[in-house]
Amino acid sequence: MAAQNLKKNFGATKSGRAYTRQSNRISLAKRKFYVTTPIYYPNDIPHIGHAYTTIVADVISRWNQLKFGKENVFFLTGTDEHGKKIEQAAKKKDKRPKEFVDELIPKFKNAWQKLNIKYNRFIRTTDKDHEKVVKEILQRVYDNGDIYKGEYEGFYCTGCEAYYTEKDLVDGCCPIHKTKIEKLKEPSYFFRLSKYQDKLLKLYKENPDFISPQHRRKEVINRVKEGLKDLSISRNSFKWGIQLPFDNTHIAYVWFDALFNYVSGVKYLDDKKLFEKFWPADVHLIGKDILWFHAVYWPAFLLSAGISLPKKIFAHGWWTFDKEKISKSRGKVINVDELIAIAGVDSARYFLLRATPFGDDGDFSEKALIERHNNELANKLGNLVSRVAGLIEKNGVTKCENKLIKKLKINKIETLFDNYEFDKVLNEIFAFIDVCNEYIQKKKPWEIKDTKILYELKESILKIAQLLWPFIPETSEKITKQFSAEKIKKGEILFRKIENG
RNA sequence: AGCGGGGUGGAGCAGUCUGGAGUGCUCGUCGGGCCCAUAACCCGGAGGUCGCGUGGUUCAAAUCCCGCCCCCGCUACCA
């Protein structure tokens, strides 16, 4: 319902196309949006880090649904299921890797359901169509000469069963086992990443928004300028992965497998129509730790495969917990259930988007979340809804011109949103909530019984609910339902205040 | 070491790109108003040499330039 109304207000067209402004030029842009999260490693519990990226993706998805219509938005998330760690973890439990990961997937799906996240597809790198895409592309890239056979050399610790780089070592010993470590070689196929150095630099230069935020872009450019080495993209020391089509003794190494989920997610080989509708992705949301892979490897792979490039890679920051780094060993983790338990789903979603500019690091604490919940959601929004509903129940409304809503800076909000400045979007919406509260205070509708004022407030609250729908969908839908009814009634308390512990 | 980010009333942040009275937000604090509402809402006050230089540019610097100090990230095959 909210979607329909706001869609009308944004002026989405039936044709699915419209003029949009882009860097001072008016261009005919496709009215669609494709947003992705990283695919998560399933041998982990979904925590605040996973939740953050996925909630933001959901907010972006819902916002674009309001603009372009539900059918013109695609939101992809999923899991990255291959690799040695999974193979070993499965073996420990005496299970086959696929069987093992199958049991882990519900944890993620349940978490997203609890957080009210509505994705279009949950892709798994073990999905048949994904494997097919990876094989086809490997063959294509091999055929055009960008893959060659060589030797991967690294410091191998038998205790960890993993390779380390020279910098990881402590006095030539494994940082965990403190044992002497041997240099080991294994045959491997390499991708000619070095060949793409200039093309990548050209890409960054010509598309200044390709990597966001800007300071991350600078980091990447500087490092690429220092020179790119070719990249090992296969392993033959374990089996759990996608076999190379040109050498079945090797499996594709993680990034070549994982990154292509973004194209297989929209059915690259199986549904041309769907793929062409949504690809290229409008934004890949990622954490800053995997920026390098997305900003360098990914476009290079796509260039080699002859597939068009995504429009934007957005790397966000990390959350600390009570000012400390999130750390499993010290119990400094917030999993999804804990996150929701504090003040509910909408408050959690609200807090994560409101507290910190998207892109920066943020600090999470129960106290800060409760403060936002009490002061902004309960006292300002909840109380506004409550007092207006009560007044209308007693007095009714009289239709009139809504002058109040002119104070809402809708264009500014739209610009901020499209710039991924979600904290400021919320700030702007809540500034209007303040305006509504001030308006009531000034006009004293309980005294003068002016039902036109109540009509203005009703319409304004409906608009607020629509704008908040991407962020707090559950509450938004409650408000919309309440204020769209024939007889508006006082209703339930939306946000109950929480004693600050 | 290199690259990047930050240092703004008691706390946490915007504001800096595109200089213009220290402006704003969420709290805390002090006082007042309102009584429709979730002891919520509204108005006003106190409180800051905007890291340091008694640096430079300018009629004008939190904002631009230079130098210094302090914090924090990133530095590739590990999601």
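Just so it is clear: chains get the letters A, B, ... in the order the sequence lines come, proteins before strands, and each one is counted from 1.
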Using only side-chain N and O atoms of [X], determine if any of them is under 4.0 Å from OP1 or OP2 of [N].
| X | N | answer |
| --- | --- | --- |
| A/Tyr297 | B/A79 | no |
| A/Lys84 | B/C78 | no |
| A/Lys444 | B/C36 | no |

Please state whether the rings of A/Phe417 and A/Phe422 are parallel, tilted or perpendicular, taking 30° and 60° as the class boundaries. perpendicular
[X] [atom1] to [N] [atom2], straight-line distance once rounded to whole Å:
| X | N | atom1 | atom2 | result |
| --- | --- | --- | --- | --- |
| A/Ile433 | B/C42 | CD1 | P | 11 Å |
| A/Leu494 | B/A40 | CG | C1' | 14 Å |
| A/Leu454 | B/C36 | CG | C1' | 9 Å |

Closest to side chain of A/Lys288, choosing from B/A76, B/C41, B/G73: B/G73
Against the side chain of A/Trp446, the closest entry in B/C78, B/C34, B/C74 is B/C34
Do nucleotides 23-32 of chain B as a string where each nucleotide becomes B, S or -: B if the base has a protein heavy atom under 4.0 Å, S if just the sugar-phosphate does, - if no protein is that close. --SSS-----
Watson-Crick or G-U wobble partner of [N], both distances under 3.5 Å:
| N | value |
| --- | --- |
| B/C27 | B/G10 |
| B/G4 | B/C72 |
| B/A21 | none |

Is any side-chain N of the basic residue among A/Lys403 and A/Glu456 closer than 4.0 Å to the acidic one's carboxylate O? no
Pair A/Asn395, A/Thr451: side-chain N/O donor-acceptor within cut-off below 3.5 Å: no
Does A/Phe108 have any ring pair (Phe, Tyr, Trp, His ring centres under 6.0 Å) partners at least two apart in sequence or in another chain, and if so, which? A/His50
Side chain to side chain contact (heavy atoms under 4.5 Å, CB included) involving A/Asn375 - partner list, sequence neighbours excluded: A/Glu371, A/Asn379
